[in-house]
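We number each residue from 1, following the sequence as shown.
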Amino acid sequence: MKKKVFETRGHVKRFAALVIAAAVLVVSLPTLSVQADMYLPYKINSNLTKYAEKQSKKIAKKAKLSEKTELPRWDFMDMDKDGKGELIYSPEGLDYRNTKSDKSYSVEIYGYYSKTVKKLATIKNVTELRKSSGKLLVHTKKGKVSAYTEYELKNKKVKAKTTYKYDGKTKKYTKNGKKIKKATYKSYTKKYKTKKIKRLDYNSSKAWKIFEHRMAEKIMKEVLKVSTLDKVFDEDGTISYKVRLCTVDGNISLYQSDDKITDIDSILMDGKTSTNTTIGKFDMASFKLLKSEVVDGYIKDAEDVDEDTYRIFTTTDVSEIATVYPGYTVPDGTDLTTYTIKGVYMADVATGRLLTADFWLENDEAPYDDLFHVAYIFERIVR
C-alpha cells in the first residue's frame, strides 16, 4: 500500500510566519544616504555622489549574477583639509562592515575641480583601509608582499608619503624602499592598527535594484523550468502532482487559519502526459509568465523556516484578471483600470521548485483586507 505524503502542504504550514505586505514590490535593498551627515566637518559635493551612482549602475548591469556578488561602495574623506570631501570609491564593494576583506579590492580616489570630477589615484590589492589626520592608510597584499602605505593629498595630487613593506619571498623589511629591522616594521604595524578604520558606508539603491531585478529574473526562469511536469516526475518517489486554486479571505496572506482559505478548483496529474495540465494561469506542461507579467524583485528567506525559500515578486496588468482569477466576478462599481495584479511566487531554494503562487488586486486606496486574493498551491505527492 502506497503512503501518500503531501510535501508542499507541510511547507505551507511551516511558513505560517510569512505575511506579504501589499506595498512590497521589490526586495529590501541597502539604504542610500546621498546627503552628508550634518555633523561632518567637511562638505560633500553632489557631483561626486552622482558620479558614484552612475558608475555603480553601470557595474550593476554587468555584474556576475550571484547572491555573493558585491556592488560598489564608497565614502568621503577630506584628505587635504580644505573643507571638501574627496570620494573614496571601491568598484568591487568588498569593504562594507568588515574591518578586513577576505579578498583584495581596489580603491579609486576622486576630487571635484573646475566643475569636473577628476580621478586622483587608483590603489589595487587593498585588504584594509584606515585613516589618520587626513591621511588614508592602506594595507595591500600581492603575492607574498604585504605593504602599509600612507597616502596624502597635496596640490590636487595623491602621493604615497610612507610605505612599510615586507617581502615574504626575500624576508626583507623596508621603509620607502630602504631596508629596516623587523622590530621597526612591527612597531609601525602595531601603531597602524590603532588608527580609525575607514569604512565605505555608502551605496546605490538604484544599482542594487538593477542587479536584484536581474537576479530575480534568473531565479524565476529556473523556478519555472524545474517546476514543470517532466522535471517533477523525474524526482524519485513522485507518483502525482496536484495543484490547488484557492481564495483567501480577509487578508493578503495565504498563511493564516484554514477557515479563511477556500478551494475553488484543483487538478491532479498522474504522469508527464496527463491530459489536463492547465489550471488558471498555469500550464504545468510548460510554465511561463503571462505576456504583461513583469518580475519586480526577490527576497531569500532563511529565518523562521525549516528550509530556505525564495519569494519572487511580479506585477501583471489587470487585463489578465480572467486568467489569473478564473471564474471571478468583479464587484459592481469596481473601476478595474485603477488596479494592478500583484503576485508573489514562493520556491524552495534547495530544489528551485515552486511551492505557492499568490495574487491579489491592488490600487493605492484599497485597504489590505478588501483586496481580492487567490493562491495556487503546488503539491508533489510522493510514496
Verify, without hydrogens or angle tests, whether Ser66 (side chain) and Lys68 (backbone) share a donor-acceptor contact under 3.5 angstrom. yes
Could you verify whether a donor N or O on one side chain and an acceptor N or O on the other, from Ser204 and Ser56, lie under 3.5 Å apart? no
With sequence neighbours left out, write down each residue that passes ring-ring contact (aromatic ring centres under 6.0 Å, His included) with Tyr89, or none if nothing qualifies. none
Thr116 side chain vs Ser114 backbone, donor-acceptor pair below 3.5 Å: yes
Indicate whether any N or O donor in one side chain lies under 3.5 Å from an N or O acceptor in the other, for His373 and Asp358. yes
Is a donor from one side chain sitting under 3.5 angstrom from an acceptor on the other, for Thr340 and Glu362? no
Can a donor-acceptor pair be found, under 3.5 Å and without considering hydrogens, that links the side chain of Thr127 to the backbone of His139? yes
Where the side chain of Arg199 meets the backbone of Leu129, is there a donor-acceptor pair that is under 3.5 Å apart? no
For Glu293 and Thr315, does a side-chain donor sit closer than 3.5 Å to a side-chain acceptor? no
Heavy-atom distance under 4.5 Å between the side chains of Thr140 and Lys124, does that happen here? no
For Asp78 and Lys84, run salt bridge (charged side-chain N to carboxylate O under 4.0 Å, His left out): C-alpha distance rounded to whole Å, both residues' side-chain angles, the deciding distance at 0.1 Å, then the answer. CA-CA 6 Å; Asp78 186 4; Lys84 300 175 184 178; over 6 Å; no
Under 3.5 Å, side chain of Asp348 to main-chain N/O of Ala350, donor-acceptor pair present? yes
Do Leu87 and Trp74 come within less than 4.5 Å of each other through their side chains, counting heavy atoms only? yes
Nearest 0.5 angstrom please: Tyr105 OH to Leu200 CG, how far? 6.0 Å
Taking Lys242 for the side chain and Ile381 for the main chain, is one N or O donor matched with an acceptor at less than 3.5 Å? no
By salt bridge (charged side-chain N to carboxylate O under 4.0 Å, His left out), which residues pair with Asp75, not counting sequence neighbours? Lys198
Rounded to the nearest 0.5 angstrom, the CG-CD distance for Leu120 and Glu108 is 11.0 Å
Applying side chain to side chain donor-acceptor pair (under 3.5 Å), name anything that partners Ser319, two or more places apart in sequence or on another chain. Asp317
Quick check for you: to the nearest 0.5 Å, what is the distance between Glu92 atom CD and Leu71 atom CG? 11.5 Å
For Thr238 and Val232, indicate whether the former's side chain and the latter's backbone hold a donor-acceptor pair under 3.5 Å. yes
For Tyr164, the other hydrophobic cluster members (4.5 Å side-chain criterion, sorted by chain and number) are Leu137, Tyr148, Tyr166, Tyr173, Ile180, Tyr185, Tyr188, Tyr192
To the nearest 0.5 angstrom, please state how far the CG atom of Asp82 sits from the OH atom of Tyr42. 11.5 Å
Does Arg244 form a side-chain hydrogen bond (donor to acceptor under 3.5 Å, both in side chains) with Ser266? I'd like the steps, not just the answer. CA-CA 4 Å; Arg244 297 164 50 206; Ser266 67; over 6 Å; no
Residues Glu320, Lys281; criterion salt bridge (charged side-chain N to carboxylate O under 4.0 Å, His left out); working and verdict: CA-CA 9 Å; Glu320 310 266 20; Lys281 76 179 291 291; over 6 Å; no
Whether the side chain of Ser227 engages the backbone of Leu224 through a donor-acceptor N/O pair (distance < 3.5 Å, no angle test) should be reported. no
Mark yes or no for whether Arg130, through its side chain, and Lys195, through its backbone, hold a donor-acceptor pair below 3.5 Å. yes
Can you pull the ring-ring contact (aromatic ring centres under 6.0 Å, His included) pairs that have at least one residue in residues 223-242, sequence neighbours excluded? none
So, are Glu152 and Lys159 salt-bridged, with charged N and O less than 4.0 Å apart? no
Looking at Arg311 and Asp301, is there a salt bridge between them, counting it only when a charged N and a carboxylate O are closer than 4.0 Å? yes
Mark yes or no for whether Glu53, through its side chain, and Lys50, through its backbone, hold a donor-acceptor pair below 3.5 Å. no
Sub-4.5 Å side-chain heavy-atom contact between Met77 and Leu136: yes
Has Lys342 got its NZ or CZ under 6.0 Å from the middle of the six-membered ring of Phe359, at an angle within 45 degrees of the ring axis? no
Applying salt bridge (charged side-chain N to carboxylate O under 4.0 Å, His left out) as the test, list every pair that has at least one member in residues 133-150; sequence neighbours left out. none
